[in-house]
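Reading through the structure tokens given below for one structure.
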Amino acid sequence: MTQLSFSSGDLVADRRADYARMLADGGDFAAAADLMRQALELVPSWPAGHFTLGVLEEKSGRLEAASDAFREVLRLAPTDIYGAGLKLAALGQAQAPSQPPAAYVERLFDDYAERFDAALVEGLSYSIPEKLTALIVANAPDRFKTAVDLGCGTGLLGERLRSRVSFLKGYDISKGMLAKAAEKAVYDQLATADLASGPSDGGVPLPENEALKADLVTAADVFMYFGDLEPVFATAAAIIATNGYFSFSVEDGAADVDWQLQPSLRYRHGEPYLRALLERHGFDIVATERGPIRRDGTNTIIGLLIVARRRSVADMTLADLPLIEVSSDIAPTEVLH
């Protein structure tokens with residue numbers, strides 16, 4: 001999403017913001033920031049404008065001014081749909097949150113839904129769906145009875161898994177993404193879910209018994225938007241059947257850190273942290289693959305892909321067994337109408 005997507009409601013301010021964007025496109029970030037400040041003199045309560053000012057100040061090297069702008073965004077819009085708190089953390093002005101605001105993630109992907117496939121696959125050489133599918137095919141059964149695609153987005157991974165799955169569920173926080181996934185008609189069920197929440201708070205619903213659990217759970221390019229992965233790994237452990245598979249990707253981080261917020265406002269994770277989480281939640285790693293997954297400007301992002309298998313109860317210790325609260329499933333049409 002561009003930071004100028006929301007109108008200020010003032011034609012003169014919007015025009016100055018448009019000129020600021022033109023200056024920024026030409027690389028003159030300081031002049032763009034000056035013009036943006038002029039726009040905000042007309043509409044001082046415009047949070048999207050202050051966020052844009054913060055980005056321009058950051059790019060012009062005026063980090064203190066950028067931080068002041070992001071703090072003003074948080075004052076005007078405390079739910080932080082713009083990710084101003086993440087920007088402050090990336091600038092070293094606040095502690096990095098273990099999870100981004102749900103409102104920020106939802107808005108980000110709702111706005112991105114229409115151009116998501118083309119922007120990623122064509123523009124950024126995005127390759128996770130193909131690579132994760134290939135890793136699953138090489139290290140797991142040929143077919144699955146039930147698969148759950150966490151953070152399914154527009155269904156790029158679902159398209160590739162469909163022929164191997166009898167019943168495919170997709171969950172995402174973004175209704176815009178779910179609508180695009182529904183157009184592809186590859187999922188048997190689609191519903192909203194906040195992966196950082198429990199079942200009673202809008203998270204993925206827990207199956208009522210072992211027979212309803214999934215034998216495959218996937219998360220492609222999802223964990224980049226989480227710091228602490230404990231909640232989503234606990235969910236995966238609760239919804240995967242004995243000997244079922246859990247396959248996911250992360251942006252590869254240093255071995256000596258669990259998770260780290262990057263200037264891109266995405267998170268990266270260290271492999272030892274992932275291995276410890278999988279062990280604690282009753283998974284054995286079956287296969288890993290490290291390599292390029294996308295571009296970010298002139299940089300190539302290195303990812304880590306993992307396929308793990310849920311241990312049988314006989315192989316678990318008492319500490320491995322989760323205490324879970326049972327909740328009913330979500331109807332497939334609940335979010336799409």
Side-chain angles (χ1 to χ4, degrees), residues 102 105-106 109 113 116-117 128-129 132-133 136-137 140-223 225-226 229 231-249 281 283 307-310 322 324-337:
V105 177
E106 183 177 2
F109 287 103
F116 185 79
D117 289 10
I128 289 177
L132 198 62
T133 299
I136 293 169
V137 169
D142 290 337
R143 287 200 60 81
F144 297 94
K145 181 177 69 174
T146 301
V148 174
D149 190 9
L150 301 177
C152 64
T154 62
L156 289 172
L157 183 63
E159 289 178 289
R160 290 154 179 82
L161 290 175
R162 176 71 267 186
S163 64
R164 296 176 175 272
V165 177
S166 298
F167 192 86
L168 181 59
K169 301 180 183 181
Y171 294 100
D172 204 283
I173 196 171
S174 165
K175 292 181 175 64
M177 288 289 190
L178 289 170
K180 298 302 292 185
E183 291 176 6
K184 296 179 179 179
V186 296
Y187 292 91
D188 299 291
Q189 176 179 332
L190 289 166
T192 52
D194 179 357
L195 303 186
S197 301
S200 61
D201 301 315
V204 176
L206 302 182
E208 296 177 357
N209 56 59
E210 183 72 22
L212 297 178
K213 290 187 176 183
D215 46 359
L216 174 65
V217 169
T218 59
D221 203 30
V222 175
F223 296 160
Y225 299 96
F226 292 80
L229 294 177
V232 72
F233 273 54
T235 295
I239 66 176
I240 296 178
T242 299
N243 295 319
Y245 288 79
F246 182 28
S247 185
F248 59 89
S249 66
H281 288 285
F283 292 96
V307 175
R309 184 171 55 214
R310 180 90 165 123
I324 62 174
E325 189 174 320
V326 174
S327 173
S328 61
D329 207 348
I330 295 177
T333 58
E334 191 163 314
V335 76
L336 299 178
H337 298 285

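Quantities reported herein were computed from a predicted structural model and do not represent experimental measurements.
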For Tyr225, all residues meeting ring-ring contact (aromatic ring centres under 6.0 Å, His included), sequence neighbours excluded | Phe109
Can you check whether [X] reaches [Y] side chain to side chain, under 4.5 Å on heavy atoms?
X: Pro129; Y: Asp221; value: no
X: Ile136; Y: Leu161; value: yes
X: Lys213; Y: Ile239; value: no

[X] side chain to [Y] backbone, donor-acceptor under 3.5 Å:
X: Thr146; Y: Phe167; answer: no
X: Arg310; Y: His281; answer: yes
X: Asp215; Y: Phe144; answer: no

From Arg162 CZ over to Asp188 CG, what is the distance, rounded to the nearest 0.5 angstrom?
-> 4.5 Å
Where does the angle between the aromatic ring planes of Phe283 and Phe246 fall among parallel (under 30°), tilted (30 to 60°) and perpendicular (over 60°)?
-> tilted
Residues two or more places apart in sequence or in another chain: which of them pass salt bridge (charged side-chain N to carboxylate O under 4.0 Å, His left out) with Arg143?
-> none
Excluding sequence neighbours, so at least two apart, what forms side chain to side chain contact (heavy atoms under 4.5 Å, CB included) with [X]?
X: Asp142; value: Arg164
X: Ala219; value: Leu150, Val222, Phe223, Phe248
X: Glu183; value: Lys180
X: Asp194; value: Ala102, Ile173, Ala196, Ser197

With sequence neighbours excluded, tell me which residues meet side chain to side chain donor-acceptor pair (under 3.5 Å) with Ser174.
-> Asp110
